[in-house]
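Let me begin by presenting the structure, written as structure tokens, before commenting on it.
Keep in mind that the numbers below use all heavy atoms, side chains included, and drop hydrogens, waters and symmetry copies. Predicted, not measured: the structure shown is a model, and the values here were computed from it.
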Amino acid sequence: MSATRSLVVASNNAGKLREFRELLEPLAWEITSQADHGISAAEETGLTFVENALLKARAACLGSGLPALADDSGLAVTALGGAPGIYSARYSGAQGDDQANNDRLLEALAEVPEGQRGAQYHCVLVYMRHPEDPVPIIVQGSWPGEILSLPRGEGGFGYDPLFWVPDQGLSVAELSPDLKNRISHRGRALTALLEQLER
Ligand SMILES: O=P(O)(O)OP(=O)(O)OP(=O)(O)OC[C@H]1O[C@@H](n2cnc3c(O)ncnc32)[C@H](O)[C@@H]1O
Ligand SMILES: [Mg+2]
């Protein structure tokens with residue numbers, strides 16, 4: 001990819017925005033956030049990551065006149081029947097309070113022993129060229145791990161201090177940003193998206 005391409009990222013999450021910048025700016029994408037265009041958060045009324053990502057992308061396309069990239073993502077814990085899932089950002093009741101969400105997760109799993117604390121991060125990305133784009137690109141990435149009993153590490157955001165990556169022997173909050181970007185649910189989904197865009 002040589003020419004610069006402009007993209008609005010349809011997110012208000014500083015952690016996601018940082019990761020998209022790290023991943024896309026080296027590939028000559030010019031990134032703005034929806035806040036840069038004065039676009040407020042879309043209501044996430046869908047029942048799937050896919051529906052919510054489409055809603056976010058369409059609102060950002062409408063408000064910016066640019067192609068939009070939306071990410072709807074979350075944590076699915078097997079022992080909790082897939083919760084918090086699409087409600088990951090508002091699990092504690094308050095919107096986007098990482099500390100409160102992590103506290104609620106530890107409480108919900110207090111009686112669940114090691115070996116039964118499996119979980120997956122999921123990320124759905126939607127790339128929409130314009131608000132009426134009839135064929136937005138939709139991709140997804142998942143990342144398996146386990147939920148710790150105590151937080152570890154300072155990096156990342158959201159549930160990262162509680163998400164243990166067995167292959168690495170570290171929590172996500174202990175991984176370097178580069179490594180997280182290479183192997184995460186978001187990194188995997190973005191690789192799939194870039195492959196489709198290059199076709
Ligand atoms: O909707 P936007 O504005 O993008 O921001 P958000 O934080 O509300 O994002 P989501 O609706 O997609 O909710 C996803 C939640 O899942 C969690 N999450 C997603 N990806 C994560 C990651 O890489 N590391 C840690 N937590 C993550 C985190 O708590 C997010 O708030
Ligand atoms: Mg959200």
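- Here the shortest heavy-atom pairing between Arg21 and Pro26 reads O-CD, 3.7 Å.
- The minimum heavy-atom distance linking Ala60 with Ala10 is given by the pair CB-CB, 3.5 Å.
- Note: the hydrophobic cluster containing Leu80 also contains Leu106 (ILVMFWY, side chain heavy atoms under 4.5 Å, direct or indirect links).
- Here Lys56 pairs with Glu44 in a salt bridge; the nearest charged N to carboxylate O distance falls below 4.0 Å.
- For the atom pair Asp178 CG and Leu23 CG, the distance stands at 9.0 Å (nearest 0.5 Å).
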- Task: Kindly determine whether Ile183 and Asp167 satisfy side chain to side chain contact (heavy atoms under 4.5 Å, CB included), including the steps that lead there.
- Result: CA-CA 11 Å; Ile183 64 179; Asp167 287 357; over 6 Å; no
- Show your working on side chain to side chain contact (heavy atoms under 4.5 Å, CB included) between Leu197 and Tyr127 and close with a plain yes or no. CA-CA 9 Å; Leu197 277 172; Tyr127 179 84; 3.6 Å; yes
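- A heavy-atom distance below 4.5 Å is found between the side chains of Pro177 and Glu22.
- Taking CG of Leu125 as the start and CG of Asp71 as the end, the distance is 5.5 Å to the nearest 0.5 Å.
- The closest side-chain heavy-atom distance from Glu51 to Thr45 is not below 4.5 Å.
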- Message: Let's go through Tyr121 and Asp160 carefully: what are the C-alpha distance in whole Å and the side-chain angles of both, what is the deciding distance for side chain to side chain donor-acceptor pair (under 3.5 Å) to 0.1 Å, and is it a yes or a no?
- Response: CA-CA 10 Å; Tyr121 269 138; Asp160 285 347; 2.8 Å; yes
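- Ring centers of Phe20 and Trp29: at least 6.0 Å apart, outside the cut-off.
- By the 4.5 Å heavy-atom criterion applied to side chains, Ile31 and Val8 are not counted as neighbours.
- Taken from CG in Leu7 to CD in Glu30, the straight-line distance is 10.0 Å, to the nearest 0.5 Å.
- The two residues Arg117 and Leu148 have their closest heavy-atom pair at NH2-O, 2.9 Å.
- Ring planes of His122 and Phe49: tilted class, angle from 30 to 60°.
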- Item | Worked check of side chain to side chain donor-acceptor pair (under 3.5 Å) between Arg186 and Ser73 | CA-CA 8 Å; Arg186 184 164 297 104; Ser73 47; 3.2 Å; yes
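- In this structure the side chain of Tyr159 reaches within 4.5 angstrom of the side chain of Asn102, judged on heavy atoms.
- Of all heavy-atom pairs spanning Gln34 and Ala41, the tightest one is NE2-CA, 3.9 Å.
- In terms of hydrophobic clustering, with Ile, Leu, Val, Met, Phe, Trp and Tyr side chains grouped at heavy-atom distances under 4.5 Å, Ile138 and Leu24 are assigned to different clusters.
- Residues Met128 and Val50 share a hydrophobic cluster, clusters being chains of Ile/Leu/Val/Met/Phe/Trp/Tyr side chains in contact below 4.5 Å.
- Interatomic distance, Ser92 OG to Arg90 CZ, rounded to the nearest 0.5 Å: 11.5 Å.
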- Item | CA sep, side-chain torsions, deciding dist, call: Thr32, Val9, side chain to side chain contact (heavy atoms under 4.5 Å, CB included) | CA-CA 6 Å; Thr32 50; Val9 176; over 6 Å; no
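- Counting heavy atoms from C-beta on, the side chains of Val139 and Val124 never come closer than 4.5 Å.
- Separating the OG atom in Ser176 from the CZ atom in Arg182 is a distance of 6.5 Å, to the nearest 0.5 Å.
- In summary, Glu19 and Lys180 engage in a salt bridge, as defined by a charged side-chain N under 4.0 Å from a carboxylate O.
- The cluster map of Ile, Leu, Val, Met, Phe, Trp and Tyr, joined by side-chain heavy atoms under 4.5 Å apart, puts Tyr87 and Phe163 in different clusters.
- You'll find the side chain of Trp143 stays beyond 4.5 Å of the side chain of Cys123, heavy atoms only.
- Note: Leu17 CG to Ser11 OG = 4.5 Å, rounded to the nearest 0.5 Å.
- With hydrophobic clusters built from ILVMFWY side chains whose heavy atoms lie under 4.5 angstrom apart, Leu170 shares a cluster with Val165.
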- Should Thr78 and Gln120 be marked as a side chain to side chain contact (heavy atoms under 4.5 Å, CB included) after you check the CA-CA gap, both sets of side-chain angles, and the distance that decides it? CA-CA 8 Å; Thr78 307; Gln120 302 250 331; 5.7 Å; no
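- Residues Pro161 and Glu154 fail the side-chain proximity criterion, which asks for heavy atoms closer than 4.5 Å.
- Taking the charged nitrogens against the carboxylate oxygens, Arg152 and Glu174 do have a contact shorter than 4.0 Å, which makes a salt bridge.
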